[in-house]
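Working notes, structure below.
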Amino acid sequence: MKNIDLFLKMKKDLGGYQIGFHNIGLKKYQRLISGDYKYKDLFEITGADVSEKAIAERILNSGLKVVERCRGLRSTVMPVNDFNEESLNYTYNLYGVGTTYNIIVAIPYIFYYNGEKYFVGDINDWASFCNIFMFPSGITKEFIYGYYTKEIVDSIEERVGNNVWHELIYDDELEFVDNHNFYGKMSQEDQALFLREIFKGRRRLLSNLKLANSDKKWPLLFRTPYERMVIKNTREDAKRLIYEKYEKK
């Protein structure tokens, strides 16, 4: 498969979704499970060879953990703006020749639940609802579209003063691994059941989401300052994204 092939597949499958990449770094993973790091149990892969592939398969089967909860989803997922085939030439941890592994996160802008539709915010906004409240500890496997690998065939180093820049040259070929448990593959009935489990026992989550999708001001008096900030930011995201949509026409 080439860049253009995966790009066209994603354009077809992910209309209405916001996309982000999580690049797997083996050295970063090894740091997380070494010593007395308090979250290391979340990352251990018992009985498996620790490799980028093993980590990718673990994420595909059990989801992506968010360690910096105060910063949310955005702390570990890089949003993709103006998605095109070159967007797939991405790495965060690899600066030399080698194989890069990227998890594809895909979250709908709009969720339909109990006959209502809810905008969950822009993942590019650090303080949006989906970044801070919807996924405080991680992305469930249902919002992992899959992962892909591709080769970095050359790294050209350029020094500008005290700064070092790396221009990475990517192979156009890639290998994509699909996630059959992806939310977009579910029936509407299964999607509703899945969302019910997310909101189950988290009534404040749903009530905050409803507030983020309304213009009411007085209920904000009964929310914490942090909740008010996220709700207001999400409301602004909705206005901005609608504006940009019409501006592009």
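Being a predicted model, the structure only gives us computed values, none of them experimental. The chain is numbered in sequence order, starting from 1.
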Using a 4.5 Å cut-off on heavy atoms from C-beta on, say whether the side chain of [Y] contacts that of [X].
| X | Y | answer |
| --- | --- | --- |
| Pro219 | Arg228 | no |
| Ile132 | Leu73 | no |
| Tyr101 | Lys53 | yes |
| Phe21 | Tyr92 | no |
| Ser75 | Val66 | yes |
| Arg223 | Asn208 | yes |

Less than 3.5 Å apart, any donor N or O on the side chain of [X] or [Y] sitting next to an acceptor on the other?
| X | Y | result |
| --- | --- | --- |
| Glu57 | Tyr147 | yes |
| Tyr90 | Asn102 | no |
| Asn89 | Lys150 | yes |
| Asn181 | Glu142 | no |
| Asn179 | Lys185 | no |

Within one Ile-Leu-Val-Met-Phe-Trp-Tyr cluster: [X] and [Y], side-chain cutoff 4.5 Å:
| X | Y | result |
| --- | --- | --- |
| Trp126 | Phe129 | no |
| Leu8 | Phe182 | yes |
| Tyr112 | Leu211 | no |
| Phe133 | Phe135 | yes |
| Val105 | Ile198 | yes |

Legend entry - side-chain contact (heavy atoms from CB on, under 4.5 Å) assessment of Leu6 paired with Leu88: CA-CA 9 Å; Leu6 182 54; Leu88 296 165; 4.0 Å; yes
Inset, instruction - Please work out whether the ring planes of Phe199 and Tyr113 are parallel, tilted or perpendicular, with thresholds of 30° and 60°. - result: tilted
Inset, instruction - Classify the ring geometry between Phe111 and Tyr183 as parallel (under 30°), tilted (30 to 60°) or perpendicular (over 60°). - result: perpendicular
I'd like to know if the side chain of [X] and the backbone of [Y] have a donor-acceptor N/O pair within less than 3.5 Å.
| X | Y | value |
| --- | --- | --- |
| Asn124 | Pro79 | no |
| Thr149 | Thr100 | no |
| Gln18 | Ile123 | yes |
| Asn84 | Glu86 | yes |
| Asn213 | Leu209 | yes |
| Glu151 | Val97 | no |
| Asp154 | Leu168 | no |

Nearest 0.5 Å, please: how far is [atom2] in [Y] from [atom1] in [X]?
| X | Y | atom1 | atom2 | value |
| --- | --- | --- | --- | --- |
| Met78 | Thr91 | CE | OG1 | 11.0 Å |
| Tyr170 | Ile152 | OH | CD1 | 4.5 Å |
| His22 | Ile144 | NE2 | CD1 | 8.5 Å |
| Asp122 | Cys130 | CG | SG | 7.0 Å |
| Asp237 | Asn131 | CG | CG | 9.0 Å |
| Lys232 | Arg235 | NZ | CZ | 8.5 Å |

Please report the shortest heavy-atom distance between [X] and [Y], naming the atom on each side.
| X | Y | result |
| --- | --- | --- |
| Gly184 | Gln191 | CA-NE2, 4.3 Å |
| Ser155 | Gly96 | CB-CA, 3.9 Å |
| Leu94 | Gly98 | CD2-C, 3.8 Å |

Inset, instruction - Under the side-chain contact (heavy atoms from CB on, under 4.5 Å) rule, what do Val120 and Ser128 come out as? Steps first, then yes or no, please. - result: CA-CA 7 Å; Val120 295; Ser128 67; over 6 Å; no
Inset, instruction - Would you please test Phe83 and Tyr17 for ring pair (Phe, Tyr, Trp, His ring centres under 6.0 Å) and show each step? - result: CA-CA 11 Å; Phe83 181 51; Tyr17 284 77; over 10 Å; no
Inset, instruction - Take Met10 and Ile104 through the test side-chain contact (heavy atoms from CB on, under 4.5 Å) and record every step on the way to the result. - result: CA-CA 10 Å; Met10 290 173 66; Ile104 304 172; 3.7 Å; yes
Inset, instruction - Could you point out which residue of Tyr148, Phe7, Tyr145 forms a ring-ring contact (aromatic ring centres under 6.0 Å, His included) with Phe176? - result: Tyr145
Legend entry - Neighbour count above 12 (heavy atom, 6.0 Å) for Glu157 CD: yes
Legend entry - Stepwise side-chain contact (heavy atoms from CB on, under 4.5 Å) test for Ile231 and Leu220: CA-CA 9 Å; Ile231 289 168; Leu220 296 178; 3.8 Å; yes
Inset, instruction - Indicate yes or no: does Lys2 engage Glu173 in a salt bridge with an N to O separation below 4.0 Å. - result: yes
Legend entry - Asp5 and Lys9 ion-paired at < 4.0 Å: no
